[in-house]
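Notes follow the structure.
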2 protein chains.
Amino acid sequence: MSIDRRSGCPINLSLEVFGDRWSLIILRDMIFGGKRHFRDLLNGSLEGIASNILADRLKRLMELGMLTRANDPTHKQKAIYSLTEMAITLVPILAHLGAWGRVWLPVSEELSIRAELLEKGGPPMWEKFMDELRHEHLGTPSDTPPEATVRATLQAGYEAVAARKAPGAKCDSRA
Amino acid sequence: MSIDRRSGCPINLSLEVFGDRWSLIILRDMIFGGKRHFRDLLNGSLEGIASNILADRLKRLMELGMLTRANDPTHKQKAIYSLTEMAITLVPILAHLGAWGRVWLPVSEELSIRAELLEKGGPPMWEKFMDELRHEHLGTPSDTPPEATVRATLQAGYEAVAARKAPGAKCDSRA
DNA sequence: TAAACCGATTGCTATTTGCAATCAGTTGCA
DNA sequence: TGCAACTGATTGCAAATAGCAATCGGTTTA
């Protein structure tokens with residue numbers, strides 16, 4: 001369950017942390033989708049993760065120090081997952097990954113608008129986003145009003161494209 | 001063997017290309033190690049890839065358009081693998097990945113010096129490196145003398161650290 | 001009190017991984 | 001000419017992992 005350490009190369013060690021098909025998807029949904037609960041991650045996932053794999057990866061990401069888990073005061077059975085600083089600093093990597101995918105892979109328009117906005121915003125936008133995540137997950141102070149967050153900006157971009165592509169359909173705010 | 005397309009999300013599609021434990025290792029050895037042949041990749045790999053997995057990943061990376069294969073004129077059985085533009089543009093992602101790993105993971109000093117130099121060089125150094133790779137793999141013209149390349153700079157940094165850590169030992173120029 | 005929901009867990013099969021041995025052809029050296 | 005070393009792979013096999021479907025014991029809501 002823990003890391004292999006095939007070598008001390010930084011790229012290799014990074015791959016051993018999230019070089020699988022689900023870990024980064026979970027972190028993506030937490031970072032960009034604001035998902036904090038098991039069921040949100042399970043049902044909200046576009047890619048359809050299985051519950052045992054989700055449980056396994058959450059456990060693994062906690063062991064690796066990327067996530068923490070706490071009880072949700074509103075529901076005795078609910079657990080709330082938080083990103084650590086280690087996970088929050090993945091934002092620039094996710095931004096680059098999205099930008100690369102947008103150029104070279106058959107991405108769908110509505111799902112890549114976020115990547116496009118994040119790419120255009122550049123490092124200053126990534127920093128602002130990371131500060132928002134620190135506020136949301138680590139409890140650090142913040143003076144950004146909720147309607148002016150980077151996540152809200154990305155979400156608005158997504159909804160604009162989705163509405164244009166299917167004018168009559170209901171907005172899907174999950175993804 | 002080809003891509004799954006669980007969703008059209010750029011991050012998901014990128015993961016489906018190199019979200020496994022070997023593909024990026026192979027690309028790393030080609031990009032930073034200058035490896036072009038099957039045996040070089042097989043024997044030079046710090047992490048000890050198996051020959052069947054190497055063969056499988058080379059085939060897969062070719063199908064995905066990240067590599068091309070050509071006959072080596074010096075040896076009738078030798079194949080020479082080249083990076084495509086698609087693979088060369090991974091350099092910024094690898095740089096970020098290395099930088100992230102250097103901060104959060106137990107990297108070894110001699111293997112992370114390259115990541116440190118690449119991080120300090122920033123986007124201008126990455127661009128220069130990508131131009132060198134285009135010259136080497138795609139045959140585009142270049143006026144950088146061989147001793148002033150980014151790869152040579154990174155290699156020199158590695159050897160300086162390796163020599164300092166083991167003054168009497170022979171330099172290992174493979175990794 | 002029943003239904004829906006909570007974060008998982010279990011049983012199971014299909015796929016993937018990765019080690020070891022091997023392949024047929026090529027090359028370099030004696 | 002003969003033979004060992006090397007070329008890019010391929011095969012057989014056992015172990016680990018992936019991932020689907022059903023289910024768990026408990027909580028909340030209607």
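By convention in this document, chain letters (A, B, ...) are assigned in the order of the sequence lines, proteins followed by strands, and residues within each chain are numbered from 1.
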Item to check | dT16(C) phosphate, OP1 or OP2, under 4.0 Å from Trp22(B) side-chain N/O | outcome: no
Next on the checklist: Assuming nearest nucleotide by heavy-atom distance, tell me which of Ile53(A) and Lys78(A) is located more 5' along DNA chain C.
Outcome noted: Lys78(A)
Next on the checklist: Side chain of Arg69(A) only, heavy atoms from C-beta on: which candidate in dC20(D), dG7(C), dT28(D) is closest?
Outcome noted: dG7(C)
Item to check | Stepwise salt bridge (Lys or Arg N to Asp or Glu O under 4.0 Å) check, Glu109(A) with Arg164(A) | outcome: CA-CA 11 Å; Glu109(A) 189 187 359; Arg164(A) 179 163 52 74; 2.9 Å; yes
Checklist entry - Does a side-chain N or O from Arg57(B) land closer than 4.0 Å to OP1 or OP2 of dT17(C), or not? => result yes
Checklist entry - Using the benzene-type ring in the case of Trp, are the ring centres of Tyr158(A) and Phe32(A) under 6.0 Å apart? => result no
Checklist entry - Going by the angle between their ring planes, with limits at 30° and 60°, are Trp126(B) and His96(B) parallel, tilted or perpendicular? => result perpendicular
Next on the checklist: Is the terminal nitrogen or CZ of Arg6(B) (NZ for Lys, CZ for Arg) located under 6.0 angstrom from the six-membered ring centre of Trp22(A) and within 45° of that ring's axis?
Outcome noted: yes
Checklist entry - What salt bridge (Lys or Arg N to Asp or Glu O under 4.0 Å) pairs are there with at least one residue in residues 68-79 of chain B, not counting sequence neighbours? => result none
Checklist entry - With nearest nucleotides of DNA chain C determined for Arg6(A) and Met62(A) from heavy-atom distances, which residue corresponds to the more 5′ nucleotide? => result Met62(A)
Checklist entry - Charged N to carboxylate O below 4.0 Å: is that the case for Arg5(B) and Glu47(A)? => result no
Checklist entry - Roughly how many Å is it from CD1 in Ile25(B) to C1' in dG18(C), rounded to a whole number? => result 15 Å
Under 3.5 Å between N/O atoms: give me all the protein pairs with nucleotides 21-25 of chain C, atom names plus distance.
residue	atom	partner	partner atom	Å
dG25(C)	N2	Gln77(B)	OE1	2.6
dG25(C)	N3	Gln77(B)	OE1	3.0
dG25(C)	N3	Gln77(B)	NE2	3.1

Checklist entry - Which nucleotide, dG7(C), dT10(D), dT9(C), lies nearest any side-chain atom of His37(A)? => result dG7(C)
